[in-house]
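Every chain is numbered from 1, with letters handed out A, B, ... down the list of sequences.
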Protein chains: 2
Amino acid sequence: MVKKTIFVFSSLIIALLVLLQLSKYTYMAGDASVELVIALVALTFLVVGFYLKKNNAQTNAIETGEIDFKKIKALGISDREYEVLQHLIKGLSNKEIADALFVSESTIKTHVSSLFVKLDVKRRTQAIQKAKEHQIIDA
Amino acid sequence: MVKKTIFVFSSLIIALLVLLQLSKYTYMAGDASVELVIALVALTFLVVGFYLKKNNAQTNAIETGEIDFKKIKALGISDREYEVLQHLIKGLSNKEIADALFVSESTIKTHVSSLFVKLDVKRRTQAIQKAKEHQIIDA
DNA sequence: AATCGGTTCATACTAAAGTACTAAAATCCT
DNA sequence: AGGATTTTAGTACTTTAGTATGAACCGATT
């Protein structure tokens with residue numbers, strides 16, 4: 001992360017120096033005015049700044065998407081329960097989850113209830129919140 | 001939206017012209033080299049580009065974890081409804097939200113129901129999901 | 001063979017959520 | 001000031017969620 005920053009800024013300085021050399025030649029040859037050179041440099045770095053911020057924003061969004069599988073086991077959540085949890089978080093009702101997993105609604109109720117105990121919550125909306133806090137799901 | 005873009009670019013052009021005038025004086029006075037002026041302009045516009053993208057990301061709110069306030073209005077969600085939504089997402093029950101906002105539970109039910117219509121959902125768990133998709137809340 | 005964890009399902013119940021109205025205030029806007 | 005919107009609140013009802021308990025089944029472990 002720090003390495004990348006150093007690399008980017010080094011590249012920028014080099015790019016700037018190259019531009020300066022080029023501008024010197026064109027200026028001395030009388031092909032272009034100083035104003036035009038400065039305007040081009042400004043435009044270039046405006047675009048570079050835009051691009052850098054864009055990449056920065058993308059990496060920020062990606063880095064938060066890790067799932068802590070160890071914590072799932074640590075909480076004693078079984079495979080099937082986790083499967084139910086994933087559907088629950090999508091916003092499905094018990095009946096809908098039951099249909100999706102080809103089991104009865106009462107089965108889902110059992111899984112959901114034991115999930116609540118393991119997550120130490122009382123409602124499914126709280127379960128969503130806790131799952132997010134524990135990095136158990138892809139937010 | 002378009003007006004803002006025009007305004008921003010007009011400001012940029014004016015800023016550039018001002019910088020050019022300043023650079024002319026300093027260059028002719030021999031106080032600074034052309035290279036330094038160009039470097040300063042480059043740095044300035046790098047920062048401007050960074051800043052512009054940041055604002056752009058806020059309004060679009062796609063990559064970053066920023067809240068899209070415009071979409072809240074676009075969906076017709078009122079201030080109070082949004083307040084209720086925030087508590088709902090925390091995992092609070094209607095009664096708990098009512099106590100937190102010092103109103104009755106039936107009032108919360110009214111707000112929640114109209115939120116569901118505006119978010120086009122049927123359950124509060126779905127509302128949480130939709131709010132996340134619309135970047136209406138801080139996930 | 002007996003035990004344990006996980007999955008399945010049922011019944012019966014209570015609690016919470018959600019819908020569909022109606023309506024009175026408070027606030028905002030011009 | 002007057003109209004529109006927001007916020008508030010109620011009643012009555014249906015649906016979904018959640019709890020408690022018991023029980024059958026299966027695969028792996030000891």
Side-chain angles (χ1 to χ4, degrees), chain A residues 67-134 136-137, chain B residues 67-134 136-137:
Chain A
I67 297 174
D68 193 348
F69 293 104
K70 290 177 183 174
K71 189 158 277 180
I72 298 173
K73 283 185 180 175
L75 292 169
I77 295 172
S78 71
D79 290 359
R80 197 59 162 171
E81 283 164 358
Y82 183 67
E83 210 169 350
V84 172
L85 179 63
Q86 286 179 315
H87 284 85
L88 187 150
I89 285 163
K90 286 180 189 170
L92 301 189
S93 68
N94 289 333
K95 186 74 187 69
E96 286 169 344
I97 299 172
D99 291 343
L101 301 181
F102 303 105
V103 292
S104 77
E105 191 185 345
S106 59
T107 302
I108 301 301
K109 281 190 176 184
T110 306
H111 288 318
V112 170
S113 285
S114 53
L115 269 171
F116 288 174
V117 173
K118 287 165 182 175
L119 289 172
D120 190 32
V121 295
K122 293 204 169 296
R123 280 177 289 281
R124 49 178 59 210
T125 49
Q126 281 186 335
I128 294 172
Q129 196 59 31
K130 267 283 176 75
K132 238 184 289 178
E133 285 173 20
H134 285 148
I136 276 176
I137 48 152
Chain B
I67 298 173
D68 193 345
F69 293 105
K70 289 178 182 176
K71 188 159 276 177
I72 297 173
K73 283 187 181 175
L75 292 169
I77 296 172
S78 71
D79 289 0
R80 198 59 161 172
E81 284 166 358
Y82 183 67
E83 210 170 350
V84 171
L85 178 63
Q86 286 179 315
H87 284 85
L88 187 151
I89 284 163
K90 287 181 188 170
L92 301 188
S93 68
N94 289 333
K95 186 75 188 66
E96 286 169 344
I97 299 172
D99 291 344
L101 300 181
F102 304 106
V103 291
S104 76
E105 190 185 347
S106 59
T107 301
I108 301 300
K109 282 191 176 185
T110 307
H111 288 319
V112 170
S113 285
S114 53
L115 270 170
F116 288 172
V117 173
K118 288 165 183 175
L119 288 172
D120 189 32
V121 297
K122 292 203 170 298
R123 281 177 287 282
R124 47 177 61 209
T125 49
Q126 281 186 335
I128 294 173
Q129 195 60 29
K130 267 284 177 74
K132 236 185 291 178
E133 286 173 20
H134 284 147
I136 274 176
I137 48 150

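Distance, B:Lys95 NZ to C:dG18 P: 16 Å, rounded to whole Å. The CG-P distance, from A:Leu115 to D:dT19, rounds to 11 Å in whole Å. Rounded to whole angstrom, the span from the CG atom of A:Asp79 across to the P atom of D:dG27 amounts to 16 Å. Spacing between atom CG of B:Asp99 and atom C1' of D:dA9 amounts to 15 Å, rounded to whole angstrom units. Rounded to an integer number of Å, the gap from NE2 of A:His111 to C1' of D:dT19 is 16 Å. Going from atom CZ of B:Phe116 over to atom P of D:dT16 covers 13 Å, rounded to whole Å.
Distances shown here put every side-chain N or O of A:Asn94 at or beyond 4.0 Å from the OP1 or OP2 atom of D:dT16. Phosphate proximity of D:dT19 to A:Ser113: present, with a side-chain N or O under 4.0 Å from OP1 or OP2.
With sequence neighbours left out, B:Ser104 forms a side-chain contact (heavy atoms from CB on, under 4.5 Å) with B:Ser106, B:Thr107.
Within residues 102-110 of chain A, the residues that have a heavy atom under 4.0 Å from DNA chain C are, in order of number, A:Val103, A:Ser104, A:Ser106, A:Thr107, A:Thr110.
Position along DNA chain D of the nearest nucleotide to B:Thr125 versus B:Glu81 favours B:Glu81 as the more 5'-ward residue.
Salt bridge annotation for A:Glu133-A:Lys130: absent, with no cationic side-chain nitrogen under 4.0 angstrom from a carboxylate oxygen.
Judged by distance alone, with hydrogens and angles left aside, the side-chain atoms of A:Lys118 form no donor-acceptor pair with the main-chain N or O of A:Ile77 at under 3.5 Å.
Side-chain contact between B:Ile72 and B:Ile67 is present, with at least one heavy-atom pair separated by less than 4.5 Å.
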